[in-house]
2 protein chains.
Amino acid sequence: MDRALVDVVRRFNRTVTQRVGALDDSYLARDRPLAQSRLLWEIGPEGAEVAALRTRLDLDAGYLSRLLRTLEGAGLVVVGPGEGDARVRTARLTEAGRAEWELLDRSSDDLAWSMLAPLTDGQRTRLTAAMAEVEHLLMASLVAIEPCHPGEPGARACLRAYARELAARFDSGFDPDSSGVDDHEVVPPAGLFLVATVGSEAVGCGAVRLPSGEPAEIKRLWVSPSVRGLGVGRRLLDELERHAAAAGADSVRLDTNRSLTEAIQLYRRSGYREIPPYNRNPYAHHWFAKSLT
Amino acid sequence: MDRALVDVVRRFNRTVTQRVGALDDSYLARDRPLAQSRLLWEIGPEGAEVAALRTRLDLDAGYLSRLLRTLEGAGLVVVGPGEGDARVRTARLTEAGRAEWELLDRSSDDLAWSMLAPLTDGQRTRLTAAMAEVEHLLMASLVAIEPCHPGEPGARACLRAYARELAARFDSGFDPDSSGVDDHEVVPPAGLFLVATVGSEAVGCGAVRLPSGEPAEIKRLWVSPSVRGLGVGRRLLDELERHAAAAGADSVRLDTNRSLTEAIQLYRRSGYREIPPYNRNPYAHHWFAKSLT
DNA sequence: CATAATTCCTGACTTTAGTCAGGAATTGCG
DNA sequence: CGCAATTCCTGACTAAAGTCAGGAATTATG
């Protein structure tokens, strides 16, 4: 633990985080309680599912419900049944709510600009570059990777996002039911499922099957666009390989679609070599393997 | 207003400020209300005057008093009469309070380290450098400059610090009573007094006299060491000159001591030229003037 | 189709934060 | 010394934040 570096981080936490955070809150709060403003902001012009709001803002279900009722009472929001599942309700802004949201949006712009305004052009460039760097690197250290049952909500969310993304990127589309991995295959001791989270939001996942007598197989490796390029995929892959090796696997293999170029790059950089097809996965164009010994 | 830069700042405010801020708070809060922890932390092993705590934490006198009573009740703090003025009370940590403080200190270290731990050495260096840069430049934009009566507490604090600094830096020492400016000379319309503040803390001041029939005169320009090099002195000076020009002054002049090298540099860079003595100030070695037309 | 699980809502709380007016002790000033 | 200013304390509030148990509507599951 490097004293000098820790001191810089502490100083940063103290001054920037508190001072700017307080400012940000006061800009947001205007004349409404802070929690209401935050919620209104988070719903946004697109609307949002109540469940999503709960995890994003990390609120108690009862408290959130009450906040929504208040906003509804003020005529800013309507909560209606969701598209698919009628239990998952969706909050949308009314005309008035949208106007309020735009006001918040503008005042957030104002705050940002007030930080840049007193600086020279050169200082502005330096400040924003440094901010982007801090954000980027901090994100990396806020990602936590943990084993998890594939049925848990965070895992589910990742798998849904994974399927959506494959459906969008594959030329042939993608049918999630044909993915050919059952939950129980990636639950210990048959395998392992990992999720990467930032705060309470799941931002990545990955699984490994450990069939007896066969090489281990990596499945469902996915990283949210919001944290790509921060080494999360690499960390998930490493962790899965470590688990496979600890479980006695000599090698690990996987298949992938040609449209997933970032993943293919990751596999090559991690020491995977292309091999002939070992299965008949209709979505696969490339098959890779890596020795763990 | 540059859209791209504003977006970077907003993203930074949102993710870094909120997420790290919340983390920081939760580390601090442990099992005590946040306000109590913050107060305990702010008192520190050295102890602190209640008045100082009030301005630093920006708390209501009644609320602060109640918080202190609670900490006292928990046996963590004792509040006793101050050294000089018995109205200004001083809070000190007890043995137990000190132990709690050290716990907070250590957990703050832990938090900082947890941000650095998942990074490579190179990334750590980049992160801390970027943090320092953000902090430095943000400080500049959080400085607000406003007119103020020289009798107000913030102004008083600056003038005291100013006098202390002059006494320390002048070879001959410095007697504040001989400074030769009465408050009423720098109150509109006879003149103007400005203070620079960060949050609720005063970090700089400056005044201008507007004697009729004479050039305007800059007095008591001071910037706290904590924000030197950020252009605060320049902004104060510019503002004072603008006011003098608006009041009809053709030129502005000032005197200064040879030990105040940063100030002398500032004057030269701002277009001031050295002139012969225009007064008999015993502390002055240089006299400067600048035309405002 | 009954049962279990999910998702949200409601009511009844507690705790924390924050405000304000009034009063006591101390100090500065004429 | 007497009066005003300063500094803090106390009591009596209000508002916001947060928690928890129980219940209704909907959907999955055997």
Side-chain angles (χ1 to χ4, degrees), chain A residues 22 25-26 28-40 43 48-74 77-91 149 151-157 160 177 182-184, chain B residues 22 25-26 28-40 43 48-74 77-91 149 151-154 156-157 160 200:
Chain A
D25 287 351
S26 75
L28 202 59
R30 286 268 173 258
D31 53 350
R32 206 183 310 288
L34 187 56
Q36 280 179 42
S37 281
R38 254 206 261 277
L39 178 56
L40 188 67
I43 292 171
E49 296 185 346
V50 173
L53 293 171
R54 216 179 44 218
T55 63
R56 254 187 290 169
L57 293 169
D58 194 28
L59 293 176
D60 173 84
Y63 186 29
L64 172 57
S65 183
R66 205 174 316 281
L67 288 173
L68 282 170
R69 234 32 16 92
T70 311
L71 290 178
E72 232 173 5
V77 162
V78 262
V79 180
E83 313 269 290
D85 190 330
R87 289 169 305 182
V88 182
R89 310 192 64 196
T90 302
H149 188 278
E152 282 182 27
R156 285 276 188 77
R160 272 198 304 271
D177 298 333
D182 282 347
D183 281 358
H184 64 83
Chain B
D25 286 351
S26 74
L28 201 59
R30 286 268 170 254
D31 54 350
R32 208 181 310 288
L34 187 56
Q36 279 179 40
S37 281
R38 253 204 261 278
L39 178 55
L40 187 67
I43 292 171
E49 296 185 345
V50 173
L53 294 171
R54 215 178 47 219
T55 62
R56 255 187 288 169
L57 294 168
D58 195 27
L59 294 175
D60 173 84
Y63 186 28
L64 172 58
S65 183
R66 204 174 315 283
L67 288 172
L68 282 171
R69 239 26 19 92
T70 311
L71 290 177
E72 233 173 5
V77 161
V78 261
V79 180
E83 314 269 290
D85 191 330
R87 289 170 306 185
V88 181
R89 310 192 64 197
T90 303
H149 189 279
E152 283 182 25
R156 284 274 189 79
R160 270 197 304 272
S200 53

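Computed over heavy atoms, backbone and side chain alike; hydrogens, waters and symmetry mates excluded. Residue numbers begin at 1 in each chain, while the letters A, B, ... track the order of the sequences.
- Between the CZ atom of A/R54 and the P atom of D/dA17 there is a distance of 19 Å, given to the nearest Å.
- Inter-residue side-chain proximity for B/L67 and B/L59 is flagged as met; some heavy-atom pair is nearer than 4.5 Å.
- Residues satisfying the side-chain contact (heavy atoms from CB on, under 4.5 Å) criterion with A/D60, sequence neighbours excluded, are A/Y63.
- When the P atom of D/dC8 is taken as reference, atom CG of B/L57 falls 13 Å away, rounded to whole Å.
- Phosphate contact (OP1/OP2 of C/dT10, side-chain N/O of A/R69, threshold under 4.0 Å): present.
- Closest approach to the B/V88 side chain among D/dC9, C/dC8, D/dT7 is made by D/dT7 (side chain taken as heavy atoms from C-beta onward).
- Summarising the geometry, the separation between CG on A/L68 and P on C/dC8 is reported as 10 Å, rounded to the nearest angstrom.
- Under the side-chain hydrogen bond (donor to acceptor under 3.5 Å, both in side chains) criterion, B/E49 pairs with no residue at all, not counting sequence neighbours.
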Taking only nitrogen or oxygen atoms into account, show me every contact under 3.5 Å that the protein makes with nucleotides 17-27 of chain C, one pair per line with its distance.
residue : atom : partner : partner atom : Å
C/dA17  : OP1  : B/A35   : N            : 3.3
C/dA17  : O5'  : B/Y63   : OH           : 3.4
C/dT27  : OP1  : B/A86   : N            : 3.1

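- Listed by chain and number, the residues in a side-chain contact (heavy atoms from CB on, under 4.5 Å) with B/R89 are B/V50, B/V79 (sequence neighbours excluded).
- Listed by chain and number, the residues in a side-chain contact (heavy atoms from CB on, under 4.5 Å) with B/A48 are B/L53, B/R56 (sequence neighbours excluded).
- The separation between A/L64 atom CG and C/dG11 atom P is 17 Å, rounded to whole Å.
- With sequence neighbours left out, A/S65 forms a side-chain hydrogen bond (donor to acceptor under 3.5 Å, both in side chains) with A/R69.
- The separation between B/E49 atom CD and D/dC8 atom C1' is 13 Å, rounded to whole Å.
- Counting to the nearest Å, the P atom of D/dA16 and the CG atom of A/D31 are 11 Å from each other.
- Atom P of nucleotide D/dC8 and atom CD of B/E72 are separated by 14 Å, given to the nearest angstrom.
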